[in-house]
Amino acid sequence: MSSDNGRRRGGDSGQSGEHGEQLALIRESVRKAKEPKARPRTWRGAKLAGELPVARVLVDKGPVHLDRLWDYAVPAELDAQAQPGVRVRVRFGAGTRQVRGGRREGGGLLDGYVVERVAESQYQGPLAALAQVVSPEPVLGPALLRLCRAVADRYAGSLADVLQLAVPPRHARIEAEPSPELLPPPAAPAPGSWSRYPAGPAYLDAVVRGDTPRAVWTALPGPHWAAELARAAVAALASGRGALLVVPDGRTAARVDAELTALLGAGRHVLLTAGLGPEERYRRWLAVNRGAVRAVVGTRAAMFAPVRDLGLVALWDDGDSSHSDPSAPQPHAREVLELRAAQEKAAFLLGAFGRTVEAAQLVETGWALPLAADRAVVRAAAPRIRTVGEHDEARDAAARAARLPTVAWEAAREGLRHGPVLVQVPRRGYVPRLACERCREPARCAHCAGPLEARGQDGGLHCGWCGRESGPWHCPECGGFRLRAQVVGARRTAEELGRAFPGVPVRTSGRDHVLDTVPDRPALVVSTPGAEPVAEGLGYAAALLLDGWALLNRPDLRAGEEALRRWLGAAALVRGQEAGGTVVVVADPALRPVQALVRWDPAGHAARELADRAELGFPPVSRMASVTGPPEAVAEFLAMAELPDGAEVLGPVPVPAALPGRPRRPGDAPPGERWERALLRVRPGQGAALAAALKTTQAVRLARREGEPVRLRVDPPDIG
DNA sequence: AGCACGCCGACT
DNA sequence: GTCGGCGTGCTC
C-alpha cells in the first residue's frame with residue numbers, strides 16, 4: 001500500500017487530519033500558496049527583491065537532473081545581478097525545506113541558470129532563496145535558450161544536457177576583461193568565384209539585402225569553396241547581421257579563418273575551435289555573446305555560438321561524421337543549424353562536394369534550393385575519372401609488387417611527370433569484415449551470422465557479435481576458402497610504392513601525422529580519407545583511389561554515399577581535366593557510387609538514394625530512434641511508452657559486443673553485459689511526437705527509478 | 001543521488 | 001511509549 005503522504009502534500013486540504021502538528025504545518029503552507037499575496041516579502045529575515053521576486057532556475061546537472069524549472073526567492077541584495085541568463089548556485093535536495101524549527105538547511109549547492117524572473121510562483125510551498133549569483137554575465141540569452149529547448153525536444157534529451165554543449169565553462173578572469181570594440185559592417189563583397197555558379201551572385205545579393213535564402217550548394221572541385229564560404233559570411237555582415245560557419249575539423253576551420261581574414265582583416269570575426277584551449281575559447285565566445293564580434297567560424301560546438309542578429313548559418317560537408325556531437329543527446333550540426341535558421345530567421349547554406357540524403361531531402365521538400373554550377377563548368381573543373389576493376393592484374397612486375405593495376409600504375413607514372421600524386425588508402429581499422437577473396441561474399445558466423453574478424457596476427461577467426469571462435473572457413477557462395485584480410489595500411493602502401501617508383505619522394509598523411517599541404521613537386525602522397533593534404537599550386541596531377549571495395553562493403557545504409565563523399569573529397573584536390581588531372585578509382589564500375597563519381601553527379605546519386613530510402617521506409621524519409629540497454633529495461637521501456645499512432649518497433653536485437661580494441665562508444669554495452677537495441681520508426685511528420693513520447697517515458701522511469709535506465713538516440717547513425 | 005517521512009515491529 | 005529498519009517519493 002502506498003503512502004498518501006504525497007497527495008496531502010500536494011495540497012488537498014479536504015483530508016480529515018489526525019497528524020496534529022505536521023498536518024497543521026502542511027495546511028499552513030497550502031494556505032499561503034493559495035493566497036500568493038500572503039507570501040512573505042522576506043525570507044528568513046532577509047528582504048526579498050521588490051519587483052519580480054521569484055527566479056525560475058534551470059539546474060544544470062544534478063544526481064538526476066530533472067528537466068524542468070525550479071522557483072527560488074530572490075533576496076534583495078541579489079536583485080540587480082540575478083537577471084535572466086546569469087549563472088547561479090542554488091540549494092537543491094530534500095532537507096532544504098524548513099522543518100519545524102525553521103533552521104534546517106540541507107541539500108548540496110548546484111549550478112544553474114536564471115531563465116526568467118516572475119512576480120509569483122505556482123509552487124505551493126515555501127521557496128528557498130538563491131544561494132549565490134556566480135557571475136552577472138548573462139550567458140544564456142533568450143535565443144540560445146529557445147534553441148537549446150528545441151534541440152532537446154528534437155533529440156528526446158534534457159535541456160541541461162544540451163546546455164552543457166552550448167554554454168562553455170566559466171573563467172572569472174576572462175569575464176573581467178573588456179571585449180574589443182565592435183567594428184562597423186564591411187562593404188558588400190564582390191561575387192568573386194561565386195560567379196561560376198549561375199545563382200551564386202544572386203544568393204550573395206539576397207543575403208546582403210537582409211533576406212534569408214536557403215541553399216544546398218554543390219561545390220565545384222578545387223580550393224575555392226573556402227573563400228566562397230567566407231564571402232557568404234561577409235555578405236551577412238554587410239547586411240548588418242551576423243554569420244556562423246561550421247566546418248568539420250580544426251584544419252578546415254583554419255583555412256576558412258584565413259579566407260575571412262583576407263576579406264575582412266582582423267577583428268570582425270573569430271575562430272572557435274577546441275584547439276584554442278578553454279580560456280581563449282571563452283574569451284572569444286564572450287566577445288560573440290556580448291555582440292562585439294558578429295561572425296564565427298568553428299567546429300561543431302560553434303553551432304551554438306550566440307551570434308547576435310544572425311543573418312546566415314552555413315555548414316560545410318555535412319556528411320562528415322564529426323558533425324555529430326558524441327555527447328548526449330548527440331545533436332547533428334545540420335539539424336541544429338536548420339533549427340537556428342528557422343528560429344532566428346537567417347539564411348542557410350549547406351555546402352559540400354557531395355550530397356547527403358538529408359541534403360537531398362531539403363531540396364526535394366523545397367525547404368532549400370539547389371545551388372550548383374552548369375554541367376559544362378563542372379566537367380571542366382573536375383579531373384578525368386577512370387575506373388579499373390579489382391582483378392585487373394598488372395603485367396608489369398613493379399606494379400604487381402605495389403598491388404597496382406596497370407591503369408593505376410600508368411596514371412601515377414604519368415602524373416609524377418607533372419606534379420604530386422595522391423594515393424588514397426582506407427584506414428586499416430576501417431574494414432570491419434573479412435570477405436571471400438574470390439567473390440567478396442562477407443564471411444559470417446555459422447551460429448549468428450555476425451561478421452567474422454581476425455584476431456591479432458595469428459589469423460584465428462572469431463565472430464564480432466557472439467565472440468565464438470570459428471573453425472576453418474569456406475565460402476558458402478563460391479566454395480572459396482581464402483579470406484581477404486584487412487586493407488594494407490597507409491604505411492605499408494607507402495613502402496611498396498616507394499620501391500615501385502624509386503627516386504620519387506613518398507609522404508604519408510594519416511591519423512597520427514596529418515599534413516596540411518604538400519609542395520607542387522612530383523611526389524607520392526599516401527593518405528587515409530579525410531587526411532589528404534592540399535597540393536599547393538594547381539593541385540595534384542593525379543590521384544589513385546585504392547581498395548574501393550573496402551569502403552563499399554561496409555554494413556551501413558550510408559556506405560555508398562560515404563564512399564562517394566570520400567572519393568569526391570580526394571578528387572576535388574586534383575587538377576581539372578583540361579589541366580591534365582586524372583583520377584583512377586579501383587572499384588567495380590557497375591556500382592552506383594562509382595558511376596556517380598565518373599559523371600561527377602553527387603546530386604543525382606543522393607536523389608536516387610533518397611528515393612530508395614523512401615521506398616524502404618528508412619530515414620530521413622521516416623524518423624527513427626533507438627532504445628538501447630539491458631534486455632529487461634528495453635522491454636519495460638517499450639511496454640510503457642505511449643508511442644505515436646503507426647509507430648513500428650523493430651527488434652529488439654542483441655547489440656554487437658564492443659570489441660576489445662575499439663574504444664567504447666555510447667550505446668555499446670559495458671564489458672561483460674549483453675545489451676539489446678530496439679529501433680522505433682515513425683512516419684514523416686511524426687518525429688516530434690516520437691521524441692516527446694521517448695522523453696516522457698524516460699523521465700517517468702527515471703523519477704520512479706524503475707529498473708535500469710536505457711539510452712535513447714534519435715537518428716541513430718548506424719542502421720543497416 | 002540524498003534525504004525525510006511514515007509504517008510497523010521490537011524493545012524499554 | 002520510543003527507537004530504528006525499510007520503502008517510498010520529493011527535491012523550488
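On a predicted model such as this, the values are computed, not experimentally measured, just so you know.
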**Message:** Run Leu144(A) and Val167(A) through side chain to side chain contact (heavy atoms under 4.5 Å, CB included) and show every step you take.
**Reply:** CA-CA 9 Å; Leu144(A) 184 54; Val167(A) 182; 4.1 Å; yes

Between atom [atom1] in [X] and atom [atom2] in [N], what is the gap in whole Å?
X         : N       : atom1 : atom2 : value
Tyr72(A)  : dT11(C) : OH    : C1'   : 8 Å
Trp70(A)  : dC12(C) : CH2   : P     : 7 Å
Glu120(A) : dC12(C) : CD    : P     : 20 Å
Phe92(A)  : dA4(B)  : CZ    : C1'   : 15 Å
Leu110(A) : dG2(B)  : CG    : C1'   : 11 Å
Gln124(A) : dT11(C) : CD    : C1'   : 16 Å
Arg91(A)  : dA4(B)  : CZ    : P     : 14 Å
Leu109(A) : dC3(B)  : CG    : P     : 14 Å

**Asked** So which pairs with a foot in residues 141-158 of chain A pass salt bridge (Lys or Arg N to Asp or Glu O under 4.0 Å), sequence neighbours left out?
**Response**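 Output for this query lists Asp153(A)-Lys695(A), Arg154(A)-Glu335(A), Arg154(A)-Asp715(A).
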
**Message:** Once salt bridge (Lys or Arg N to Asp or Glu O under 4.0 Å) is applied, what residue pairs with a partner in residues 286-313 of chain A remain, sequence neighbours excluded?
**Reply:**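 Residue pairs with at least one partner in residues 286-313 of chain A: Glu137(A)-Arg290(A), Arg300(A)-Asp325(A).
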
**Prompt:** For Leu52(A), what residues pass the side-chain contact (heavy atoms from CB on, under 4.5 Å) criterion, not counting sequence neighbours?
**Reply:**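 Testing Leu52(A) for side-chain contact (heavy atoms from CB on, under 4.5 Å), a comparison that skips the adjacent residues, returns Arg117(A), Ala119(A).
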
Run the side-chain donor-acceptor check on residues 635-644 of chain A: report pairs under 3.5 Å with partners two or more places apart or on a different chain.
| from | atom 1 | to | atom 2 | distance (Å) |
| --- | --- | --- | --- | --- |
| Glu636(A) | OE1 | Arg701(A) | NH1 | 3.2 |

**Request:** Return the set of residues passing ring pair (Phe, Tyr, Trp, His ring centres under 6.0 Å) with Phe348(A) (not counting sequence neighbours), or none when no residue passes.
**Result:**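 Partners of Phe348(A) under the ring pair (Phe, Tyr, Trp, His ring centres under 6.0 Å) test: Trp367(A).
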
**Prompt:** How would DNA chain B look in dot-bracket form, 5' to 3', counting Watson-Crick and G-U wobble pairs with both distances under 3.5 Å and writing | for bases paired to another strand?
**Reply:** |||||||||||.

